[in-house]
Structure formats: structure tokens, C-alpha cells
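Here the structure comes first, spelled out in C-alpha cells, and everything after it is commentary.
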Amino acid sequence: MRKRPELKACKVIAESNLFAIEQIDLRFSNGEERQYERLAGRGRGAVMVIPMLTDDTVLLIREYAAGTDAYELLLPKGRLENDESVLEAANREIKEEVGYGARNLQQIKTLTLAPGYFPMKTHIVLAQDLYEEKLPYDEPEEIEVIPWRIDELDELFKLDEFTEARSMAALYMVRDHLSNK
């Protein structure tokens, strides 16, 4: 196992409401020194939920994504609140975004997004045995819910409005997980 580099210095060089950019100075075990920039993490990460309405139907959402300036099809997701476990956050998010809670929640995997620059982790959670329960949502408009058959992922992946890589990875993982039961 490699020894992690020694952190020599860390300072915030830019900041907004959403992000802080840190400059970090590192010394590696071989004596090499490098300076990196990274987005500093805020909060405890996020959950992305695969809500299975039936054994073969997942609930997707269509919502506006400011980053792409488009409506995107994706899985329900949201940040972990301070006092929540991963499974509690997953259940809250699907109640807010798709109008269902789950009696059976299982964490499948934790994913990173651009780990060279961004420390945030997304916890992928499978939600099964759904029941209707709607919590107020914090989105600016109502979210559209779209049922999609898990055996039709190839067709979903062809759609221009389905581009979110974490959603793609999560659906592949859950499809494989469910087929191995």
C-alpha cells in the first residue's frame, strides 16, 4: 500500500455559495512536491436512489439541470442532511421527488465524481417495496416522474436527455444486482 502524500499547505483561493477552490501543496514519499487545486467538499455527500416501483420498473425523474441548461432524465438524488443516515436520506429524497417511500432500502455502492478534483461521494441506494407518501419538495417546480422498464435500459441510454453518468452507472449496477438474486 502506498503512503499518502504529506499535506504541506492548504488554502482557499476562490469561493462561491456552492463551491470553494482549495490550493494544496503536497510532498510525495519519493520527495517530489506538487501543487494541486480541487473543489472543496461541503456537507456529507449525497444519495442517489433507484426506486423500483415493481420488480422490473424503475422511477426516473425529469427536472431542469442548470449545469446543462436542459431538462434531464435521471434518478432521484439529494444531499445528506447533518443528522441523517444514508438510508434515511434516500427515503426522504424519494418521498420528496417521486412521492413514494420504501420499506426496503439497500446501499449498493458509493461513487465518486472526478476524484482528482472533487471529494464528493454519492451513495447509491436501491429502494424496493414502495408505498405512496409525498413530502414537500424544495425544487422550484414540480418534478415529472417517469416509470421505465429496467430491461429497456439500452433505449433509455440512447435518449439525448439521459446523460447523467451516475444514473447510468447506478442503473447498470442495480440491473446486475437484481438479475443475480
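Keep in mind that this is a model prediction, so the values were computed, not measured.
Nearest heavy atom pair, residue Leu80 against residue Ser85, reads CD2-O, 3.6 Å. Nearest heavy-atom pair across Arg149 and Asp151 is NH2-OD2, 2.7 Å. A pairwise comparison of heavy atoms in Phe162 and Leu74 identifies CE1-CA, 4.3 Å as the closest pair. Val12 and Ala20 get closest at one heavy-atom pair: CG1-CB, 4.2 Å. Taking each heavy atom of Pro5 and Phe28 in turn, the nearest pair found is CG-CE2, 3.3 Å. Across all non-hydrogen atoms, the minimal contact from Val49 to Pro51 is O-CD, 3.0 Å.
The cluster map of Ile, Leu, Val, Met, Phe, Trp and Tyr, joined by side-chain heavy atoms under 4.5 Å apart, puts Met173 and Val58 in the same cluster. Hydrophobic clustering of Ile, Leu, Val, Met, Phe, Trp and Tyr side chains at less than 4.5 Å, counting indirect connections, keeps Leu53 apart from Ile150.
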Show your working on side chain to side chain contact (heavy atoms under 4.5 Å, CB included) between Leu73 and Leu159 and close with a plain yes or no.
CA-CA 9 Å; Leu73 268 178; Leu159 298 177; 3.9 Å; yes
Go through Val125 and Gln106 one step at a time and tell me if the side chain to side chain contact (heavy atoms under 4.5 Å, CB included) criterion holds.
CA-CA 5 Å; Val125 176; Gln106 179 183 3; 5.9 Å; no
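When each of Ile50, Ile94, Leu130 is tested with Leu59 by the rule side chain to side chain contact (heavy atoms under 4.5 Å, CB included), just one qualifies, namely Leu130. For the salt bridge (charged side-chain N to carboxylate O under 4.0 Å, His left out) with Lys77, the qualifying choice from Glu93, Glu164, Glu63 is Glu63, the only one to do so.
Annotation: the span from Glu72 atom CD to Glu161 atom CD amounts to 7.5 Å, rounded to 0.5 Å. We find the CG-CE distance between Leu156 and Met168 to be 7.5 Å, quoted to the nearest 0.5 Å. Residue Met48 holds its CE atom at 3.5 Å from OG of Ser167, rounded to the nearest 0.5 Å. Ile124 contributes atom CD1, which lies 7.5 Å from atom CG of Leu75 (distance to the nearest 0.5 angstrom).
Heavy-atom contacts from other residues, nucleotides or ligands closer than 6.0 Å to CZ of Arg103 number more than 12. Within 6.0 Å of the CZ atom in Arg175, the count of heavy atoms belonging to other residues, nucleotides or ligands exceeds 12. More than 12 heavy atoms of other residues, nucleotides or ligands shown are found within 6.0 angstrom of CG on Asn30.
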Identify all side-chain donor-acceptor contacts of residues 141-148 below 3.5 Å with residues at least two apart in sequence or on another chain.
from   : atom 1 : to     : atom 2 : distance (Å)
Glu141 : OE1    : Tyr71  : OH     : 3.4
Glu141 : OE2    : Tyr71  : OH     : 2.6
Glu144 : OE1    : Arg62  : NH1    : 2.8
Glu144 : OE2    : Arg62  : NH1    : 2.9
Trp148 : NE1    : Glu152 : O      : 3.0

Contacts under 3.5 angstrom, residues 108-122 side chains, donor-acceptor by atom type, not counting sequence neighbours:
from   : atom 1 : to     : atom 2 : distance (Å)
Thr110 : OG1    : Gln107 : NE2    : 3.0
Thr110 : OG1    : His123 : ND1    : 2.9
Thr122 : OG1    : Arg166 : NH1    : 3.1

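Every side-chain contact (heavy atoms from CB on, under 4.5 Å) that Arg92 has, sequence neighbours left out, goes to Glu81, Glu84, Ala89, Glu96, Leu135. Considering only residues two or more places apart in sequence or on other chains, Lys11 meets the side chain to side chain donor-acceptor pair (under 3.5 Å) condition with none of them. In terms of the side chain to side chain donor-acceptor pair (under 3.5 Å) criterion, Glu132 has no residue partners (sequence neighbours excluded). Applying the ring-ring contact (aromatic ring centres under 6.0 Å, His included) criterion to Tyr100, with sequence neighbours excluded, gives no partner residue.
With hydrogens and angles ignored, the 3.5 Å screen pairs a side-chain donor or acceptor of Arg44 with a backbone N or O of Asn82. Not one N or O on the side chain of Asp129 forms a donor-acceptor pair closer than 3.5 Å with the backbone of Ala102. Here the side chain of Ser179 pairs a donor or acceptor atom with the backbone of Asp176 at under 3.5 angstrom.
At least one side-chain heavy atom of Leu26 sits less than 4.5 Å from a side-chain heavy atom of Leu7. Within the 4.5 Å cutoff, the side chain of Leu126 has no heavy atoms near those of the Asn104 side chain.
Checking Asp25 against Tyr36 by side-chain atom types alone, no donor-acceptor pair falls below 3.5 Å.
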